[in-house]
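Report on the following structure.
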Amino acid sequence: METNTITKEQLNKLVDKIEAEFHEYFTSDESQVGSLHECFYTPEIYKEEGLLTLDQGVFHKLPKNIQEKTHELIAEFTKVD
């Protein structure tokens with residue numbers, strides 16, 4: 001599984017954490033992305049599994065600190081013990 005591939009449940013947890021931590025950005029006029037949900041989509045190859053992956057074109061509109069935190073949390077959520 002790709003590092004940036006997550007389930008819908010993981011995405012919801014990720015969005016809750018990121019948007020709570022960076023609330024000011026997502027609600028500001030300077031925000032180019034209204035919600036972290038916009039940064040994910042389900043590619044055809046993952047439709048059956050219901051997995052989502054990053055849309056890099058949208059994701060790169062976010063500030064670097066939000067991108068870094070998002071990657072950290074994805075790694076945490078997808079970590080295999």
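Side chain of Ser31 to backbone of Thr27: no donor-acceptor contact under 3.5 angstrom is found. Judged by distance alone, with hydrogens and angles left aside, the side-chain atoms of Gln67 form a donor-acceptor pair with the main-chain N or O of Leu62 at under 3.5 Å.
One finds the CD1 atom of Ile6 at 4.0 Å from the CZ atom of Phe40 (value rounded to the nearest 0.5 Å). Between the CD atom in Glu21 and the NZ atom in Lys17 there is a gap of 10.0 Å [rounded to 0.5 Å]. Atom NE2 of residue His71 and atom CG of residue Leu14 lie 10.5 Å apart, to the nearest 0.5 angstrom. The distance from atom CG of Leu73 to atom CG of Asp16, rounded to the nearest 0.5 Å, is 11.0 Å. To the nearest 0.5 Å, atoms CG (Asn12) and NE2 (His37) are separated by 5.0 Å. Here the straight-line distance linking atom CG of Leu11 with atom CD1 of Ile18 works out to 11.0 Å at 0.5 Å rounding.
Residues Leu52 and Tyr41 form no side-chain contact, since every pair of their non-hydrogen atoms from C-beta on lies 4.5 Å or further apart. For the pair Thr7 and Phe77, the minimum side-chain heavy-atom distance is 4.5 Å or more.
Across Phe59 and Leu54, no two heavy atoms sit closer than the pair CD1-CD2, 3.6 Å. In plain terms, the two heavy atoms of Leu51 and Pro43 that are nearest each other are O-CD, 4.1 Å. Contact record, Leu36 with Val15: CB-CG2, 3.9 Å, taken as the closest heavy-atom pair.
With sequence neighbours left out, Ser35 forms a side-chain hydrogen bond (donor to acceptor under 3.5 Å, both in side chains) with Glu19.
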Exercise. Can you check side-chain contact (heavy atoms from CB on, under 4.5 Å) on Lys69 and Asn65, steps first, answer last?
Worked result: CA-CA 6 Å; Lys69 185 66 174 183; Asn65 59 335; over 6 Å; no
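Within 6.0 Å of the NZ atom in Lys47, the count of heavy atoms belonging to other residues, nucleotides or ligands exceeds 12. For Gln56, the CD atom sits in a packed shell: over 12 heavy atoms of surrounding residues, nucleotides or ligands are nearer than 6.0 Å.
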